[in-house]
Amino acid sequence: MKKHIALVVTALTIITPPICKGKDADIPLNERTKSLVKELLIKLDSTEIYAARKEKEIEDIKSLLPGTSGVEKFAICREIADQYAKYRVDSALFYAREARYAAIDAGLDSLRILSEIRIANLLAIAGFNAEAVETIQSIPRDSVLDGHMGVYYTAWTSVYHELYSNPDEPEDFKEKYRNLYNTYRDSLLLTMDTLSSTYLHNIERKAARDGRFDEARKYNALRERLITDKKSNASATRLYDRFAIAYIYEHKPTAEAVNDLFESAIIEVENCNQDIASLLRVETILMNMGKVKAAKKVSDYYYSTFQKFGSRKRRLDGMGQTMAINTKTMESLQKRNNDVIIALVLISVLGAILIFVLLKINNLRRKSTILNKKLQRSVEISKGYIGVVFQLYSSYIKQLDIFRTKVHSNLKKGKLEQALEMTGRSSEITSEDLKELYRNFDSVFLDIYPEFVQTVNDCFKPEFKILKKNPGVLTTELRILALIKLGIDDSTKIAELLHCSIKTIYNLRSTMKTRLAVPEDHFRRIISEM
């Protein structure tokens, strides 16, 4: 039984799957992280509600368009374009162009140029890099108002950022675009208000890339003070940037940085932002944490967002990540399937072992029941035969006492001949005593071994089966076999006990051997094992 239990414990140990650990397994995640992961997964189940809310907000703005023209129409179309900018890039482009037409109709060249800059920015986001460069190059720099220079340089940095981060671009072109990005970023920093969110954002990223991490965090903290709505896209971007300082640039991931990432993702999901940079990192971290199912859920949502967003570049950027997640998910599922198959096999083995154990236990119980019954019967027989033996001895003592009294009386009266006659050999008395001995022996033996005669006859040839004349009475042959069963095998001893000649015993034993239908050794074993 102990071996069976040990096998069960070993099997259960094998069935238990190991904890998945990735390269981020050493991040000291805390309870806040677990809570944020859970909150994010719950938010992903409510995306239809957030999408409906977003659509309602946009439709409310669109309802202001009828009957408008000029600057008013420009402002409404620009607002709609901004609402669509992180939701539907093709719709954002449409309304950015509508804003340009409204500016042209109003004869306001500065607003037209502002619309052109916005269109170039959106074209870059959509993945139309050549069209974006062509559009922004068509704008003479000296035609841009001083107040719009920050927007102008922001558009250039966006275009070249998209170009140098494009994996399909050759490396030498990427280096060229990166240098142009840095040039326009420096120009942007020279023209922007040093307390503006755009300035702080760009100077923070520059400091992080240059390895000045504490300075980068200082700028990030200044940005936080400027944000009034902690649930806005600006807040989500700031949180992601703070995560990037530690995780991407400093290469010192912390639980707080990971928490910033998850908070950023939650805000972007709530705002129905389809251009979500943070979810790419969320997928990776969840996968490395061993949360494959959660990572797959995030991956599926991210895939649906860049499909809806409509950006060719975002689709290409996200496709590789999504395919990698799907591959890891399939590998994980295959491993789980293998684990399940192994578990099923082990469970089947355990089931077979348990059935075997149960059968053994049941067999032991059955044998125990039979043994208990035999023991109870043995106790009953023992009690009964103690009484029989006591009665026999008492009877013999009484007969001896009567016989002694008679002999003593005759001797006392001088009747010597009568006394001699009484003490002489009496065949009548001996015969009756032997009959009583046989009768008692046969009764006791057959009571203990009721199947004895049938078992003996099953070992004899059909024509030599022993037939008893009286039920409950053994023949001489059967008495010999009964004594052998009781462990008395010596023929001389058997002759003494049965009060017959040893020759008679030898002849009967020899005759029985010739009547056997089975080998003698087998017959002896059957008799002894009864």
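The structure displayed is predicted, hence computed values, not measured ones.
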Subject >> Tyr240 side chain reached by Glu268 side chain, heavy atoms, under 4.5 Å >> reply: no
**OP:** List the atom of Ala265, the atom of Leu279, and the distance in Å for their closest heavy-atom pair.
**Re:** CB-CD2, 3.8 Å
**OP:** For residues Arg212 and Asp210, report the shortest heavy-atom separation together with the two atoms involved.
**Re:** NH2-OD2, 3.1 Å
Original post:
What's the spacing between Tyr247 OH and Thr284 OG1 if we round to 0.5 Å?
Top reply: 6.5 Å
Original post:
So with a 6.0 Å cut-off around CD of Glu134, is the heavy-atom count from everything else above 12?
Top reply: no
**OP:** Would you mind reporting whether Glu39 and Lys43 have side-chain heavy atoms less than 4.5 Å apart?
**Re:** yes
**OP:** Would you check if there is a donor-acceptor pair between the side chains of Tyr153 and Arg141 at a distance under 3.5 Å?
**Re:** yes
**OP:** Without swapping roles, check the side chain of Asn220 against the backbone of Ala216 for a donor-acceptor pair under 3.5 Å.
**Re:** no
Original post:
Are Arg88 and Phe94 side-chain neighbours, meaning at least one heavy-atom pair lies under 4.5 Å?
Top reply: no
**OP:** Output, in order, the C-alpha distance, side-chain angles, deciding distance and verdict of salt bridge (Lys or Arg N to Asp or Glu O under 4.0 Å) for Arg238 and Glu204.
**Re:** CA-CA 10 Å; Arg238 186 199 66 80; Glu204 173 192 324; over 6 Å; no
**OP:** Give the minimum heavy-atom separation between Ile61 and Ile76, together with the two atoms involved.
**Re:** O-CG2, 3.8 Å
**OP:** Drop me the distance from Leu359's CG to Leu364's CG, to the nearest 0.5 angstrom.
**Re:** 11.0 Å
Original post:
Quick check: does any side chain N or O of Lys230 sit under 3.5 Å from a backbone N or O of Glu224, one acting as donor and the other as acceptor?
Top reply: yes
Original post:
Which is it for Asp105 and Lys73 under the salt bridge (Lys or Arg N to Asp or Glu O under 4.0 Å) test, yes or no, and what are the steps along the way?
Top reply: CA-CA 10 Å; Asp105 291 342; Lys73 184 177 181 180; 5.5 Å; no
**OP:** Show your reasoning for whether side-chain contact (heavy atoms from CB on, under 4.5 Å) applies to Leu65 and Cys77.
**Re:** CA-CA 8 Å; Leu65 273 176; Cys77 288; 3.8 Å; yes
**OP:** For side-chain contact (heavy atoms from CB on, under 4.5 Å), just list the numbers for Phe262 and Leu286, CA-CA rounded to whole Å, side-chain angles, deciding distance to a tenth of an Å, and then say yes or no.
**Re:** CA-CA 10 Å; Phe262 282 108; Leu286 286 174; 3.9 Å; yes
Subject >> Over all atoms of both residues, closest heavy-atom pair of Ala106 and Gly70 >> reply: CB-CA, 3.7 Å
**OP:** Check whether any side-chain heavy atom of Glu79 lies under 4.5 Å from a side-chain heavy atom of Tyr95, and answer yes or no.
**Re:** no
Subject >> Distance-only side-chain donor-acceptor flag, Tyr87 / Glu55, under 3.5 Å >> reply: yes
Subject >> Euclidean distance, Arg366 CZ relative to Ile361 CD1, rounded to 0.5 Å >> reply: 14.5 Å
**OP:** Return yes if some donor-acceptor pair links the side-chain N/O of Arg53 with the main-chain N/O of Glu270 below 3.5 Å, else return no.
**Re:** yes
Listed pairs under 3.5 Å, donor-acceptor, residues 112-121 side chains, sequence neighbours left out:
| unit_1 | atom_1 | unit_2 | atom_2 | d |
| --- | --- | --- | --- | --- |
| Arg112 | NE | Asp109 | OD1 | 2.7 |
| Arg112 | NH2 | Asp109 | OD1 | 2.9 |
| Ser115 | OG | Leu111 | O | 3.0 |
| Glu116 | OE1 | Arg100 | NH1 | 3.4 |
| Glu116 | OE2 | Arg100 | NH1 | 3.1 |
| Arg118 | NE | Asp82 | OD1 | 3.4 |
| Arg118 | NH2 | Asp82 | OD1 | 3.1 |
| Asn121 | OD1 | Ser158 | OG | 3.4 |

**OP:** Return yes if a side-chain donor-acceptor contact under 3.5 Å exists between Thr183 and Asp186, otherwise no.
**Re:** no
Original post:
Has the side chain of Thr455 got a donor or acceptor atom that lies under 3.5 Å from a matching backbone atom of Glu451?
Top reply: yes
Original post:
Is Asn30 reaching over with its side chain to a backbone N or O of Arg32, donor-acceptor style, under 3.5 angstrom?
Top reply: yes
Original post:
Roughly how far, to the nearest 0.5 Å, is CD1 of Ile266 from CG of Leu261?
Top reply: 9.5 Å
Original post:
Donor-acceptor pair, Thr191 side chain versus Ser187 backbone, under 3.5 Å?
Top reply: yes
Original post:
From Arg185 CZ over to Leu180 CG, what is the distance, rounded to the nearest 0.5 angstrom?
Top reply: 12.5 Å
Original post:
How about Leu222 and Tyr219: do any of their side-chain heavy atoms sit closer than 4.5 Å?
Top reply: yes
Original post:
Got a donor-acceptor contact below 3.5 angstrom from the Ser235 side chain to the Ser232 backbone?
Top reply: no
**OP:** Answer yes or no: does atom CG of Asn363 have more than 12 heavy-atom neighbours from other residues, nucleotides or ligands under 6.0 Å?
**Re:** yes
Original post:
Angle class for the Tyr164/Tyr181 ring planes (parallel below 30°, perpendicular above 60°, tilted otherwise)?
Top reply: perpendicular
Original post:
Distance-only, no hydrogens or angles: does the Asn259 side chain make a donor-acceptor pair with backbone N or O of Ala255 under 3.5 Å?
Top reply: yes
Subject >> Worked check of salt bridge (Lys or Arg N to Asp or Glu O under 4.0 Å) between Lys296 and Asp300 >> reply: CA-CA 6 Å; Lys296 182 64 169 61; Asp300 290 343; 2.7 Å; yes
Subject >> Short side-chain donor-acceptor distance under 3.5 Å, Asp458 and Gln454 >> reply: yes
**OP:** State which residues pass salt bridge (charged side-chain N to carboxylate O under 4.0 Å, His left out) with Glu171; sequence neighbours excluded, sorted by chain then number.
**Re:** Lys174
**OP:** Would you give the length of the straight line joining atom CG of Leu189 to atom NZ of Lys206, rounded to the nearest 0.5 angstrom?
**Re:** 7.5 Å
Original post:
Counting N and O atoms only, with roles assigned by atom type, does the side chain of Lys297 sit under 3.5 Å from a partner on the main chain of Leu41, one being a donor and the other an acceptor?
Top reply: yes
Original post:
What are the two closest non-hydrogen atoms of Leu226 and Ser196, and how far apart are they?
Top reply: CD1-C, 4.2 Å
**OP:** Could you pull out the closest heavy-atom pair between Ile227 and Ala234, with the gap in Å?
**Re:** CD1-O, 3.6 Å
Original post:
When you check the gap from the basic side-chain N to the acidic O, do Arg217 and Asp214 get nearer than 4.0 Å?
Top reply: yes
Subject >> Worked verdict on Asp172 versus Lys176 for side-chain contact (heavy atoms from CB on, under 4.5 Å) >> reply: CA-CA 6 Å; Asp172 53 344; Lys176 172 186 173 182; over 6 Å; no
**OP:** For Tyr301 and Thr47, run side-chain contact (heavy atoms from CB on, under 4.5 Å): C-alpha distance rounded to whole Å, both residues' side-chain angles, the deciding distance at 0.1 Å, then the answer.
**Re:** CA-CA 9 Å; Tyr301 174 74; Thr47 52; 3.1 Å; yes
Original post:
Among side-chain atoms of Asn271 and Asn233, is any donor-acceptor pair under 3.5 angstrom?
Top reply: yes
Subject >> Salt-bridge criterion met for Lys56 and Glu59 (N-O under 4.0 Å) >> reply: no
Subject >> Parallel, tilted or perpendicular: ring planes of Tyr152 versus Trp156, cut at 30 and 60 degrees >> reply: perpendicular
